Each structure stands twice: as C-alpha cells, then as structure tokens.
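Sequence lines set the chain letters: A, B, ... in the order given, protein chains first and strands last, and positions in each chain run from 1. Remember, it's a predicted structure, so these values are computed and weren't measured experimentally.
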Amino acid sequence: MSGGEALSWLLVVPLLAAIATLLAPGRWRGWGSLAALPLLWLAFTPVLAAFLHQGTLTTPLGGWSPPLGIALIGDGLALGLVGLTLGVFSLCALFAAADPDPEDHSHLWPLAWFLIAALNGIWLSGDVFNLYVGLELLGLAAVGLVALKGSAEALAAAMRYLLAALLGSLAYLIGVALLYAAAGSLALADLAQLDGGDTTVRVALALMAVGLMLKTALFPLHGWLPAAHGGALPAVSALLSALVVKASFIILLRLWLALDADPLAVVAAQAIGLLGAGAVFWGGWMAWRQARLKYLVAYSTVAQIGYLFLFFPLITGTGTDAARLAWDGTLLMLFAHALAKAGMFLAAGNLVRAVGSAQIADLAGVGRFRPLSLLSFGIAGVSIMGLPPSGGFTAKWLLLQSALASGQWPWLIVLMGGGLLSAVYVFKVLRHAFVEGPTRDTFRSPPTAAELAALTLALSSLVLGVAAHGLLALMRPDALSAVLEGAG
Amino acid sequence: MSRVIVAAIASLIITIALALAVLERPTPTLSLPNLASTAITPGEAGVLHPITAVLLEFRSIDTLLEIAVLLVAVVVALALREAQPDGADRMGLDNPLLHAVVKLLLPLMLLVAAYLLWAGSTRPGGAFQAGAVLAGCGVLLRLAGTSLHGLERPRWLQGGRVLGLLVFVSVGIPPMLAGRAFLDYPADLAGGLILLIEAALTLSIALALLSLFRLAPPQSDSPAFPDRRKRRRA
Amino acid sequence: MSTDLFFAWIGVALCGLGLFGFIVHHHLMRRLLAFNIMGSGSFLLLVGLAQDGRGPDPVPQALVLTGIVIAVASTALALVVLRRWYRVSGESSLPEDV
C-alpha cells in the first residue's frame, strides 16, 4: 500500500500547471506548458516503478479511507491509461506550441491542463461521485476547447456538445443518487457488494449507462460529436477523440464489472453490442460521405467507438477464454484508436494548413509537397483499417477470437465489414491527395515539429500491434479476475 | 409534433423507472452518518460541523475539483470575449435612489458574507454561500452603475480568481512531502488551514461568479449580425 | 410517508418534467431551464432517498452543495456560449441539421 501517495502528483501537477498558465501572459503559456510536461512524466515514473514492484497502489486522499473518504486507486488499467494520456497530450502540446500564431489561442493551455487533471482523476478515482465531478470538469473543459475559436460554427458545436454533456452527467448523477440510497456508500468497491438483480440497482445502472453512452457518442447518441471534433483546432480534436470520449467509456466499463450479477445483463449487453455495430456501419458510411477532411476523421471516431462497445456482449455471460480475449482486445482497441486517431487529426490539421482548405477535394497534389504529413495520415489509417502489423489489427484479431470462442459469430461481420468501410474512407483521402492536378502549385508548410508530432503518434499506433503483449499483461491482473469470478 | 411524443415517452419512462427504483430500494448495510459522527471528534477532524467536514475533510478533493470547474467556466468566458470583442459597455441604471439604497445595503451584505464564512465551521454556512453573497453585492453594484476600480485591473482580478484553487492545492502538498496523503493536513493545524482555504475560496468564488456575469456580452451591445443592424437602421 | 421520502418523490417528478422540457423545447434558454429543473430533481432525490427513515445524513447534503456549484458553473458557461451564439447568429436555438 505504501508508495501510493505519489499517485496524487498525477492530479496535482496538471492542476498547478493550469494555475500557472492562468497567471502567465498569453505568449508564455505554450512554451511554459512544454516546460511543465517533464514534471508530469517525472510524477508518473515513480508511480509506474512502484506499481511494477508491488502491484496496485492506493492512497486515501486527505488521509480518510473509503467509504467516508475518497481513495485514488492505481491499478494496471488506470496506470496504462495515465501513460496513454501523458503520451498523447505531450505530442498534442508540442503540435499546439509549434503553431506560428500562439497568441490566437492562449486560453487553450489552462483548459487543456484542467482537461488532463480531470482525465487523470477519472482514471484513478474509486468513488462514483468523485467520478461525476471529474466528468463535469472534463466535459466543461472540452466544451470550452471546442468553443475557443468563437465563430458561429464553433459556438453551435460547443452548445450542442454542452447540452449532450450536461444531460449525460445528470443521468449519471441520478444513478449515483440511487446507488447511494441502495448501498450507503459511494466507493466502487462497496458498490460491488450490491445485488445486481435489484430493481433500484438496475435502474441506476441503466441511467448511468445511457448517460455515459451519450457522453461517449455511441450511435445513435453521436449527433453532437462530428461538429465538435471536426470543427475544433487540430490539437483539440486529437485530445477529444483520443482521450475524452474514452473517459466515459472506462467509467461504464468499471461500473459494468462492479455490478455484474444480473441475469438481464446478457440481454442488455447484446443490445449495447447492436448499438456498437450500428455505430461501426453508420459512422463508416457517413465518414465516406464527408466532403471536409476533419469531419471525415470525426465520423471515423463515431465508427471506431462502436468496436469498443462490442466489449459488453463479448464479456457478459461468456466463458473465461472469451472474456479474457474481449478484455485484451477492447483495451488494445482503445489504445490503438487513441494513438492512431490523434495522429490522424494532427496529420489532417497539417494537410489542411498546407492546402489552405478544409475540403478533401482540394488535397490534390499535396502528396508530392507534404509527403510526411500524408505518410502520417496513411500510417494512422493502417491502424484504423486494422491491417497488420498495427495495434488496430491485433485488437481486432483478439476481438475476433473472442467472438469465435463465445460462439457469437455475427460480431465477426461487424469487425470485418467495419474494416472494409474504413478502408474505403481512408483511401478516399489518399486518392485525392495523390491526384496530380494543375489546379494548385502553392502550398504552405506546417511547422516541422507539428509534422513530427503527427508522425510519432501514427508510428506508435503501428508499433503497438507488435508491442501489445507487455502492455496488456500490465493492465490485465486484478480487474479481470473479478470479472471471471462473476462469469464463472 | 413528433418531438412532443418523443419527449413524452422519454419523460414517462424515466418517471416510471425512478418511481420503481424509489419503491423497491433495498436497505443499505453501510451507514456513513455513523462513520462521520465518530470521525468528527475534537482533535481528529478540523471542523465540527458535519457538512463542512464532508466538504473540506473527508471529500475535500471533490470541493477542490469543483473550484476548478468554476474556473473553467471563467476561462471560456474570457476566451470568447477575446474572440468576439464587445462594444462599449453601457450597463447600469443612472438612478439616484438605487445608488443610495445600494450604498446603504452594501456594508450589511459584506457583514452577512463574513458571518456565513465564519459560521461554516460550526453550523450551516461556508465558502460557497459567502462567495455567492459577495458576488451578489458585485452584481448589484454593477447594475447600479458603480464601478469597482480594483476589479478593472485584469491582473489582480485573475489573481483573485485563481487564489482559492492555489491555496487549496498548496495546503495539500506539504503533507505529501512528509510522506502522507494529499490534503492530509495535520490534525492540530486542520482548523486554521480549513479556515484559510475557505477564506480564499470565498474570494475566488465571488470573483468567478461576478466575472461570469460581467463577461457575457452586454445587453446594450446587441447582435452583430447584419440583418438586425439593417432592421434597426430602417 | 416521511418528509424525506416526500422530497424524493418530488425529485422524481421534477426529473421527468425537466427531461420533457429539455427534449420538447427548441429555445436554448428554455432547454437550459429544463436542465436546471432536472438538476434540482436529482438533488432532491439524492438527499431525500438517502435520509428516508435513517435520519439526517451530512454526506448527500454535502454532495448536493458540490452539485449546486457545478450546476451554477455549467449554467453560467452555457449562458455565456448562448449569448455569444445569439450575438453572431441572431438565433436562439440550434440549427436542426447535423
């Protein structure tokens, strides 16, 4: 248990950085934030070392243990997600700081740091009401980042996002109220003792699930996402698609595992899986139909979120092998999508800057002038399509095996069909970019650091497929054995 | 029409589901009130009022993050004002009676705010209530057209808004350096530290709420879209 | 029925009412008000249900205080975005097509 105090630094450092950027003049905020990044990694390293040495870490905040107090719990899943957050944020920050006109969006920095504090809080918290506060901080910071440009389009997207986020967290809060009445505690560990077949618990879980699905933009509740993710600054889009939507998904996953003792759960899980399937097909279809590059990438997020929700039918009421494969596959899918999508949004931002137009049709000729950006987009596309050796491929392979092991072959169609659809929209972009037209011969150059940030993210999503084993072993232990107990 | 039906169905489902949940609720095995009242003994916790103890001792991280939420709202308001500069601000009624009444009530309101802050450790009250009253003062002054010169300096204003979170986090760090948990202030200092945090929070909450009021586009500065302007000229 | 349970029932009603308003209205100000009604409902439910038959419980009361500050911040943020949106577009509701 000792060594857990260091977990708090993962919250404290982003909060201090947010305060510092609020007090600093606008032009220092970007570079100051880059200077603060090493501190964040410095906070993470000892935590990771302690975890590898002694397993799950906990620290009771304020010295008060649950259920009266709130504990931060650093299990493998949480620490893996913290690492992902740090990695993606570092590269997005580099991208944003390399922007030649940093004065234009100096308010990005405090909001981004609050966003990171909220994310780390959500990964680590073991208390359902504290998760609500984290969700609100995350949601409002994300809405603020979307609204940052102040244009009519950005404001409408932000407003739509805000309404969805508020309704989602309210549904979650009502669920918290019911769970507290039923369990007399807010700690996730105590909630696991509840009888999942109880009406109050069922209603609570259903409300929370719907609210969290709205916040994760699961089809058909995804209406707010394309404009919000497609219209924001590239670094913001990358953060939102890679990390923010995953936060509500992870909360749902943790709740599902904690309260999983309900005979109705199998039916509910199948229904959620169907929505996921709908997301894969509808998102892919809509992505292909988009005329604007960043909206295509945003709809691709709608599709990829669908795969994550196949987790529920694959882990509920299935055998040990299928459940383990589903767990590994889903988490790897989450990581692969986060890295690939962040890389793709940054690359798309570079391409848009290079041609000076948001339209895919205007990309003609960019393949020759900005090969690096297009290469990054293509590599990220490999993982999104699920081709070997990418993380996306390994993840789909694991999910596929899980579907086979549990005898649920219809999900194979979703996994395969979704891959084909994503190939269609990724190649749509590449086709336009390789067209050699006489239409344009002036291109603006994005900063080298911005191109490298996109490339690094894309490459890491590719390498992830090969290096998945260690990561998955790190995240597997405690949480999964609890599930398998429930399943068996 | 279809919207009404969707709304009615959704509303009906939620009402019935919640009604079932209320009717069928199980009896919990844990009792936090008992735990809380055992924990609130002099020398253990810094405050004796149970609600304040929950807010600033047991679940202090919630309160800390809640101030961050308020700050996020202010940052967004600031960013939007920069993106969409406002015209001249003509808020405030030029009414001598209003001026006189505000001047009369102001000391009383400040006193109420101070009392609420001080009362928080033993009875209902606390930083948010005090901050809200203070912000109310600011709004009244603003509506009466009185300008607060101290608040016109962006630097000071920003410092004041951030102070609450800064003090809160800073008070939480030393225990960590001593190998204890974040926000685990030593028992003998807890009372004083909590009062310090609450005072800083009161100021920041008041300034944040007031800023949110002031950063919305002024009423007199009506829409900047072309149609409306044309209509007014005609 | 205890007073606390009565509050919980009012909370249930407000949640249903708020959701109806939130979906049925186009005007953003009305939707925001509906959201706040629903929020109040959830606060009543939180305190009322936890205290029913068990006496005063400081935990949900404190949670509601936190919830109120968050609701105030969210509402203020929504109002700021709403006013800015009105200022640039002249619309008080969102465009329907996405």
Side-chain angles (χ1 to χ4, degrees), chain A residues 67-69 127-130 132-137 139-141 143-144 146-147 150-167 169-186 200 203-204 207 222-228 230 286 295, chain C residues 4 8 11-12 15 18-19 22-23 28 31-32 34-54 57-60 62-64 66-67 69-71 73-91 93-98:
Chain A
L68 196 54
D127 182 280
V128 281
F129 188 81
N130 188 244
Y132 164 75
V133 181
L135 270 176
E136 288 286 21
L137 181 60
L140 294 198
V143 167
V146 169
S151 63
E153 202 186 12
L155 289 172
M159 195 71 214
R160 206 182 290 281
Y161 185 8
L162 181 58
L163 291 178
L166 291 181
L167 193 62
S169 16
L170 208 51
Y172 178 85
L173 180 64
I174 297 173
V176 171
L178 296 180
L179 287 182
Y180 181 71
S185 167
L186 295 156
T200 307
V203 171
L207 275 171
H222 65 280
W224 59 267
L225 185 142
M286 288 302 284
Y295 276 73
Chain C
D4 289 311
V12 171
C15 284
L19 185 66
F22 191 88
I23 300 175
L28 289 169
R31 299 187 79 180
L32 205 54
F35 159 76
N36 271 285
I37 289 175
M38 215 175 152
S40 305
S42 68
F43 297 151
L44 280 174
L45 194 63
L46 181 54
V47 175
L49 210 51
Q51 294 192 352
D52 172 45
R54 279 183 268 155
D57 184 345
V59 175
L63 300 185
V64 164
T66 305
V69 180
I70 291 175
S74 319
T75 308
L77 175 61
L79 281 174
V80 166
V81 175
L82 167 57
R83 292 281 300 274
R84 296 281 168 195
W85 160 247
Y86 174 66
R87 195 158 172 268
V88 293
S89 72
E91 301 285 332
S93 54
L94 288 173
E96 279 306 299
D97 57 316
V98 187

Ignoring hydrogens, what is the shortest heavy-atom contact between [X] and [Y]? Give both atom names and the distance.
X	Y	result
C:Ala8	C:Leu45	O-CD1, 3.5 Å
C:Ser42	A:Ile174	CB-CG1, 3.5 Å
C:Ser93	C:Trp85	O-NE1, 3.4 Å

Any residue meeting salt bridge (Lys or Arg N to Asp or Glu O under 4.0 Å) with A:Asp127, in chain and number order, not counting sequence neighbours: B:Arg59
Structural part of C:Phe22 lying under 4.5 Å from a heavy atom of chain A: side chain
Segment of C:Leu63 engaging chain A (4.5 angstrom heavy-atom cut-off): both
Chain A interface, residue from C:Leu32, C:Leu19, C:Leu49 that has the most non-hydrogen pairs under 4.5 Å: C:Leu49
Which atoms of [X] are under 4.5 Å from chain C, going by heavy atoms: the side chain, the backbone, both sets, or neither?
X	answer
A:Leu140	both
A:Leu163	both
A:Leu162	side chain

A:Tyr161 side chain vs A:Gly139 backbone, donor-acceptor pair below 3.5 Å: no
With A:Phe129 via ring-ring contact (aromatic ring centres under 6.0 Å, His included) - residues at least two apart: A:Tyr132
Best-contacting candidate, A:Val133, A:Leu170, A:Leu186, against chain C by heavy atom pairs under 4.5 angstrom: A:Leu170
